[in-house]
Every structure is written in C-alpha cells, then in structure tokens.
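Notes follow once the structure below has been shown.
In listed order, ligands and their atoms are each counted from 1. Values reported hereafter were calculated over all heavy atoms of this structure, with side chains retained and with hydrogens, waters and symmetry mates removed. Source: prediction; values computed, not measured.
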Amino acid sequence: MLLKGKAAIVTGSTSGIGLGIARALAGAGADLVLNGFGERDAIEDLRRSIASEFGVRATHHGADLSKPDEIAALVAHAEAEFGRVDVLVNNAGIQHVAPVEEFPVERWDAVIAINLSAVFHGIHHALPGMRQRGWGRIVNIASVHGMVGSVNKTAYVAAKHGVVGLTKVVALETAGSGVTCNAICPGWVLTPLVQKQIDALALSKGISVEEAGRLLVGEKQPSKSFVTPAQLGELAVFLCSGAADQMTGSAVTMDGGWTSQ
Ligand code: NAD
C-alpha cells in the first residue's frame, strides 16, 4: 500500500484514462478526489464502488477546469476533506479536430484552457502544501502530441507541447524539495475521446466502426494495439513510488512505438 495515508486529486476521472489512474492510485491505498462531468447518479455509483472496492475514502468535486476559480475550489475541497494533496494528476482534456484555417476560435480557447491552463492552475494551488510537507507527486497527462504533431490538431498539439514544457519548468523549480513533476505521453487509448474520432473516420470513409478503429490505431501506432487506462494507471503509481524519487521533468511515452518512427 504505497500510497496509504496519501490523498490524490485526479482531474477528469469520471471516464477513460483518468478513471484508470484513479483506480490504480486507490489500489495503492490513496484517498481520492474524483473530478469530471457526468450524470449525478452514475458519478455517485462510481465514487461508492471505488471507495468500497479499494477501502479508501473517495469524494467527487465537479469543478469545470476551464474556470480558474473552480480549480482553486477543487484543491481547497481536497485540503478540507483530507487535509492534504499529495498527488495531483492533471488529466482532464478535450479534443477538437479541424484544419487551422477553419478551427473555431472558441474551440481553440476551450482546448487551451482545459488541456493547458488548467494544469498550471492546479499546480499553482496544490504545490504550496506539497512543499510544506516535503513530498508531492505531480503527474501531467500530456500525449504523444506533446512530442510530435498530427494534422488538424493545432490546439491539442500546442496545448500538449505546452504541458511538456510546463512539466520541465515545475520540475526545475521543485528539484530537491521532495516534489516531482513528470508528464505521461500516451499514444492511442480507446476512450470516449478517441471513440468520437473513430466514429467520424467510419462515417467519412463509409467503413464499419471496427474497421475504422483498426485503421486509426494502425496508421500511427506500430504495435497496432491500443494502450489501456489500467496500464497508464500503473505507470502513474510507479511515478508516485520511491523508485521514481529521482525522476522529475520527464516526459514518459507509452505509445506502442508511435514516437520511435
Ligand atoms: P475522456 O473523454 O474519456 O475523459 C475526459 C475526462 O475529462 C472526463 O472525465 C470528462 O468529464 C473530463 N472533462 C472534460 N472537460 C472537463 C472540464 N472542463 N472540467 C472538468 N472535467 C472535464 O478522455 P481520455 O481519452 O480519457 O483523455 C484523458 C486525458 O488523456 C486527456 O488529457 C487527453 O488529452 C489525454 N490523452 C488521451 C489519449 C487517448 O488516446 N485517449 C492519448 C493521449 C493523451
């Protein structure tokens, strides 16, 4: 129980990768603040099932991460509930796909706010307590798109490159303090965020959703298999372990070989 007695916030943990990471941290004993959108009863079921399955305390805070005040309230909620934030996983993210000249300005602003600025705001509020206690783990969920580009993803790629840069600076500013800051860069993971892109591909090519899934993953990911949220969860737990004490400022890929090409 590596994280027994520690408290973690995982943003965007009502779905996909965030949920996988939240479950893995709970499995390692961490108390949890879940965050993200969804239907109220479904979120309550999720919260209760994680708490009982892993024997941890879990709460949910519905902060909209496009709003800096609500991010401050999310961190304050965790500190009020658990007296501490030891692990901050900045995971919430959205995608919008369009050529740059057609990219809606409002979508650009939303992607930058949620995928990049929210990471800054979360760290800004959670770091003082971590420093005070002399221990903390900040895990930013970037993407292979923090390292390479893909067409039609200007906002996403800009935000994720920004997250990798932000991770490096926070690592430098916290070096030697007991706090580490790393980024995880996943390749394709089959979540609702990616399912939308698969559905759009199936529609545009007139092929089945299954075929579109194989096409999408095969085009970029040499392993031709999706990464899973559970695998990313285990990587996040590793970054919280003592073995990772000297790992900071890293951008760790888990991408089936995508960025090796
Ligand atoms: P998802 O759509 O399954 O989950 C996104 C989560 O973020 C949900 O819980 C949603 O409610 C929450 N969220 C969205 N907007 C929010 C807001 N304004 N405020 C609070 N919560 C909000 O997506 P996912 O695929 O699990 O993505 C999670 C992260 O992983 C994102 O940062 C994404 O960019 C990154 N990522 C995903 C993939 C992939 O292939 N799925 C690959 C690399 C990186």
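By the criterion of a heavy-atom distance under 4.0 Å, the backbone of Ala63, and not its side chain, is placed next to ligand 1. If you look at Pro229 next to ligand 1, there are no close heavy atoms at all, none under 4.0 Å. Contacts between His145 and ligand 1, counted as non-hydrogen atom pairs separated by less than 4.0 Å, are absent for every part of the residue. Within the 4.0 Å heavy-atom criterion, both parts of Asn91, backbone and side chain, lie near ligand 1.
Of the charged side-chain nitrogens involved, at least one lies within less than 4.0 Å of a carboxylate oxygen, so that Asp86 and Arg133 count as a salt-bridged pair. Glu210 has no carboxylate O lying under 4.0 Å from a charged side-chain N of Arg214, or vice versa, which leaves the two without a salt bridge. Residues Lys205 and Glu211 are not paired through a salt bridge, judged by the lack of any N-O separation under 4.0 Å between the basic side chain and the carboxylate. Classification of Arg137 and Asp245 as a salt-bridged pair holds, one side-chain N sitting under 4.0 Å from a carboxylate O. A salt bridge links Asp64 to Lys67: at least one charged side-chain nitrogen sits closer than 4.0 Å to a carboxylate oxygen.
Against a heavy-atom cut-off of under 4.0 Å, Ile114 is close to the following atoms of ligand 1: 18 (N). Close contacts between ligand 1 and Asp64 involve ligand atoms 17 (C), 18 (N), 19 (N) [criterion: under 4.0 Å to a heavy atom]. Less than 4.0 angstrom separates some heavy atom of Val194 from each of these atoms of ligand 1: 39 (C), 40 (O), 41 (N). Atom numbering of ligand 1 starts at 1 in the shown order; those under 4.0 Å from a heavy atom of Asn35 are 20 (C), 21 (N). Of all atoms in ligand 1, listed by their number and element, those nearer than 4.0 Å to a heavy atom of Gly36 are 11 (O), 21 (N). Distances below 4.0 Å separate heavy atoms of Ala142 from the following atoms of ligand 1: 35 (C), 44 (C). The atoms of ligand 1 that sit less than 4.0 Å from any heavy atom of Gly16 are 3 (O), 26 (O). Set against the non-hydrogen atoms of Ile141, the atoms of ligand 1 under 4.0 Å away are 30 (O), 32 (O), 35 (C).
Taking atom 13 (N) of ligand 1 as the reference point, the nearest protein heavy-atom neighbour is Ala92 CB, 4.2 Å. Annotation: atom 35 (C) of ligand 1 to nearest protein heavy atom, Tyr156 OH, 3.7 Å. Nearest protein heavy-atom contact of atom 16 (C) of ligand 1 is Phe37 CE1, 3.4 Å. Ile17 CD1, 3.4 Å is the protein heavy atom nearest to atom 37 (C) of ligand 1. Looking at atom 5 (C) of ligand 1, its nearest protein heavy atom turns out to be Gly93 O, 3.9 Å. The protein atom (non-hydrogen) at minimum distance from atom 1 (P) of ligand 1 is Ser15 OG, 3.6 Å. The protein heavy atom nearest to atom 25 (O) of ligand 1 is Thr191 OG1, 2.4 Å. The shortest contact between atom 23 (O) of ligand 1 and any protein heavy atom is with Leu193 CB, 3.4 Å.
Using a 4.0 Å heavy-atom cutoff, Glu70 is absent from the residues neighbouring ligand 1. Ligand 1 has no atom lying under 4.0 Å from any heavy atom of Ala113.
Scanning Ala159, Gly12, Pro186, Ser13 for the heavy atom closest to atom 7 (O) of ligand 1 points to Gly12. Compare Ile94, Thr14, Asp255 by their heavy atoms: the one nearest to atom 8 (C) of ligand 1 is in Thr14.
Considering all non-hydrogen atoms of both residues, Ile123 and Pro128 come closest at O-CD, 4.3 Å. Of all heavy-atom pairs spanning Pro186 and Ile17, the tightest one is CG-CD1, 4.5 Å. Pairing each heavy atom of Gln221 with each of Phe226, the nearest pair is NE2-CA, 4.0 Å. Between Val189 and Leu232, the closest heavy-atom pair is CG2-CD1, 3.8 Å. Thr248 and Asn182 make their closest contact through CA-OD1, 3.2 Å (heavy atoms, listed as atom of the first residue, atom of the second, distance).
The shortest N/O to N/O separation between Lys160 and ligand 1 falls below 3.5 Å.
Residues His96 and Tyr156 place their aromatic rings such that the two centres sit no closer than 6.0 Å.
A donor and an acceptor atom, one from each side chain of Asn140 and Thr167, are located under 3.5 Å apart.
Side chains of Val10 and Leu34 form no contact here, defined as non-hydrogen atoms less than 4.5 Å apart.
To the nearest 0.5 Å, the span separating SG on Cys185 from CH2 on Trp258 amounts to 11.5 Å. In this structure, CH2 in Trp135 is found 5.5 Å from SG in Cys240, a value given to the nearest 0.5 Å.
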